[in-house]
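Some notes on the structure that comes next.
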Amino acid sequence: MPDLTSLNPAQRDAVTAPDGPVLVVAGAGSGKTRVLTTRIAHILDSGVYPSEVLAFTFTNRAAKEMKVRVANEVGEGNAPFWIGTFHSTGARILRTHADKLGLSRDFAIYDSDDQKRLLKNVLSDLNIDIKQFGIPGCRTAISAWKNQDIAPETATQRTTTYIEEVYAKIYTAYRKALRQCNAVDFDDLILETVHLLEDHAAVRREYASKFRHVLVDEFQDTNELQLILIKALCSEHGNLFAVGDDDQSIYGWRGARVENMLQFEDYFPGTHLFRLEQNYRSMGNILDAANAVIANNKRRKGKNLWTDAGKGDLLSVEQHLDAEDEAARVVEIVQEEKHKGLDRGAITVLYRTNAQSRLLEDALRRARIAHQVVGSVQFYERREIRDLLAYLKLTANPADEVSMQRVINQPKRKIGATTVGRLLECAHNHEIAVGNLVERPDLLQMDLGNAAGKRVHAFLTQLNSWRRAAYDGMPVPELLQKIIADISYETFLHADEPDTAAGRMENVAELVNGAFAFHEASDGGTLQQFLEQTALVADQDTIQDGEGAVRLMTIHTAKGLEFPVVVLTGCEDELLPHVTAMNEDAEAGAEEERRLFYVAVTRAMKRLYLLSASRRRKFGTYEDTLPSRFLGEIPDELCETRELDSGWQQPVGRTLFGDAPAPRDPRKPAGHRPPLQRRDTYTPPPRSRAKPRPAAAGWDQDVAQSAPFYEGQLVRHGSFGAGLVIRVEGVGDDVTVTVDFPDHGRKHILPRFAPLFPVD
DNA sequence: GATCGATGATTTTTT
DNA sequence: ATCATCGATC
């Protein structure tokens, strides 16, 4: 019997709701996951078998968490095993019924990189100018069609403009090419599952009655296709339990439709509706700020979160000179928080775009603060990892032309573009999967010529030996090691890029480790399963907690998580809200961006910092920015504002041994902040903080030179490492700093010539 | 077929 | 500013 006593009345009502459609509108931090897991326990308690429960989550991480939490409630053996993302569940169903869709069971899953490469091939085959019809545009168009369940033929019929006509042509060819490679893309995982259920009544009945309860988390982020899938799966019993928050819908660009939630009762008549409005996460001031901001959205169901917790600290709203200063301030905040007794793992830095992480990372690294970037340059995106995965993919699926193109000459086998083109043409003409041409050296010789044909055949023979090994049951980690050895990958990396080879080999080792971990966890899983996991498990699914490291991630990645301290950087117009979000429908775009801001704010439990910079580099040159309009929507009395203004300026010509504390400005009305004084009005650049940031590469010479050093300061030298400042002599350019280095003894350093960085 | 250098796009968010 | 892609040259 699940424990209902610790739930509040609204939560309890939702958990014990009768069968039939249920919608739970769950505000941020209102115990949504708890309700979902307890509901599952409640369902199981009523005599439903674990195998009869299907639950969809938004990320694999959420799926894992839910599995663990349900297992805690009902015991290890009783946990449902159909808990997953729409994509992984789709893949699971498709594997069993691949034959009904003209796919073979070992179909590959193409991620966005594979997709881009395939599209590139398609465009060049169709002789379409890549500059006129860019890959991103094609992807958006194709994805939009797929998400509305529009087939290439229908798309072609419906075209009204020339541009649409071309896109439809690309869509048609792309789909054909995917099939030729025996592959599906992310959208197909759902689209083809829908087709399977629509076109095969028996299969639909099988799944619709096999699962007696369907649960969906983050319902506000489902798209049209996912709704169709959900409807099909509930067609027999109608037992749908959906949880979501319309105010946290931030995936509109990916086809997510808040309407699925706003019009839920129309789609599922007889719905029981519940609202969770008590927030257990954030302190009062943070929550009030979030409520005030989101109230400006028109398209919402409307709710007001409240909390029992006290007001807590004020929000710190700070404007800094530029993104570098902002990053320096992040370092400072981390140190201040540490003094307040908080572990670094309690702090998370959020940003709108991945590109912003670079500067923050640099600053944290220089300050030697342990940190972990979640997302951005994902592990699986690294070239060496992708190369090796392509080898494995090709081993599993000899029709995978994208992977073939990727690895056939990597390392160099003297097989160039011309030969590869002929090879693919040969495969198409004879309708043989490209890898299977190993059986037909005659065709290779005929179509590619003698010499090239032999080189290609030699490679295909090697590929075939791996294929055989995998077929004979060689475990994935061993197979991977065999491939790495067979192609002398380490030697290749060293020859190719000596500087980065060591680091890349570490990544390779990490991949091998991952393969071993997979092998153990899956009890000898197949190559197929391994590849599926790497294709569907994103980096953000591997967030580790309590590592004592500051975490950095995009707001999108942070959804569903909570942190004691949140530092939201880049609170600037054009960045948050992002310019491009307002291109299509400015109103809708702004509302989605506001929801994004809302998500960021509601991640914070104890303290929230909202930072902005008054200028930021864009394509190498500085551009002035304005504070985000969302900051102005936060009531003044909730914030403590710090901003730059001319009062901070030092008179021209004075040395900037700035130990003077930065004056705290009296509160100004939010949203009417005076523009910051620009650097070009003053000769020595104004410093925003008492302590200057460490000099970054490319930082103005004069600033680097006048960087003040003081006794007892921790500094870092390019070759001597970290050291302690013993004495500072002279002024300006002539300053001499005496530093004690633990490993190199006492040195006299002229910061003017030898770079010496303060370590904050 | 490979290598070097110039050129141009790139920055929204992710399964 | 940085990276990838393309073209000219060997």
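Basis for what follows: all heavy atoms, side chains included, without hydrogens, waters or symmetry-related copies. All chains are named by letter (A, B, ...) in the order of the sequence lines, taking the proteins before the strands, and each is independently numbered beginning at 1. Keep in mind that this is a model prediction, so the values were computed, not measured.
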Atom [atom1] of [X] to atom [atom2] of [N]: distance rounded to whole Å?
X      : N      : atom1 : atom2 : result
A:N147 : B:dT14 : CG    : P     : 17 Å
A:Y251 : B:dT14 : OH    : P     : 6 Å
A:E593 : B:dT12 : CD    : C1'   : 8 Å
A:F186 : B:dT14 : CZ    : C1'   : 8 Å
A:I250 : B:dT13 : CD1   : P     : 12 Å
A:R139 : B:dT12 : CZ    : P     : 12 Å
A:I135 : B:dT11 : CD1   : P     : 13 Å
A:Q248 : B:dT13 : CD    : C1'   : 15 Å

If you pin A:K618 and A:S88 to their nearest nucleotides in DNA chain B, which one's is more 5'?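 With A:K618 and A:S88 compared, the 5'-side residue is A:K618.
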
Short side-chain to backbone donor-acceptor contact, [X] and [Y], under 3.5 Å:
X      : Y      : answer
A:S124 : A:N121 : yes
A:D114 : A:D111 : yes
A:E218 : A:T57  : no

Where does the angle between the aromatic ring planes of A:F630 and A:F597 fall among parallel (under 30°), tilted (30 to 60°) and perpendicular (over 60°)? tilted

Parallel, tilted or perpendicular: which fits the ring planes of A:H87 and A:F186, with parallel below 30° and perpendicular above 60°?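 The rings of A:H87 and A:F186 stand perpendicular, inter-plane angle above 60°.
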
Checking A:R603 against A:F563: charged group under 6.0 Å from the ring centre and within 45 degrees of the axis?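 So A:R603 doesn't make the cation-pi contact.
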
Taking the six-membered ring of A:W145 as reference, does the cationic atom of A:R175 (NZ for Lys, CZ for Arg) lie under 6.0 Å from its centre and within 45° of its axis?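 That pair does not qualify as a cation-pi contact.
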
Select one nucleotide: of B:dT12, B:dT13, B:dT11, the one nearest the side-chain heavy atoms of A:A581.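 Within the option list, the nearest is B:dT12.
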
Tell me whether A:E574 is salt-bridged to A:K618, with the criterion being a basic N under 4.0 Å from an acidic carboxylate O. no

How would you list all residue pairs meeting salt bridge (Lys or Arg N to Asp or Glu O under 4.0 Å) that involve residues 401-415 of chain A, not counting sequence neighbours?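 Qualifying pairs: A:D113-A:R406, A:D387-A:R406.
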
Base-contact (B) and sugar-phosphate-only (S) positions in nucleotides 1-9 of chain C, heavy-atom cut-off under 4.0 Å, - elsewhere: ---------

Can you give one letter per nucleotide of nucleotides 1-9 of chain B, going 5' to 3': B for a protein heavy atom under 4.0 Å from the base, S for sugar-phosphate only, - for none? SSS------

Which part of the nucleic acid does A:T580 contact within heavy-atom distance under 4.0 Å: base, sugar-phosphate only, or nothing?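 Base, at least one base atom sits under 4.0 Å.
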
Under-3.5 Å donor-acceptor pair between A:W253 side chain and B:dT12 base: no

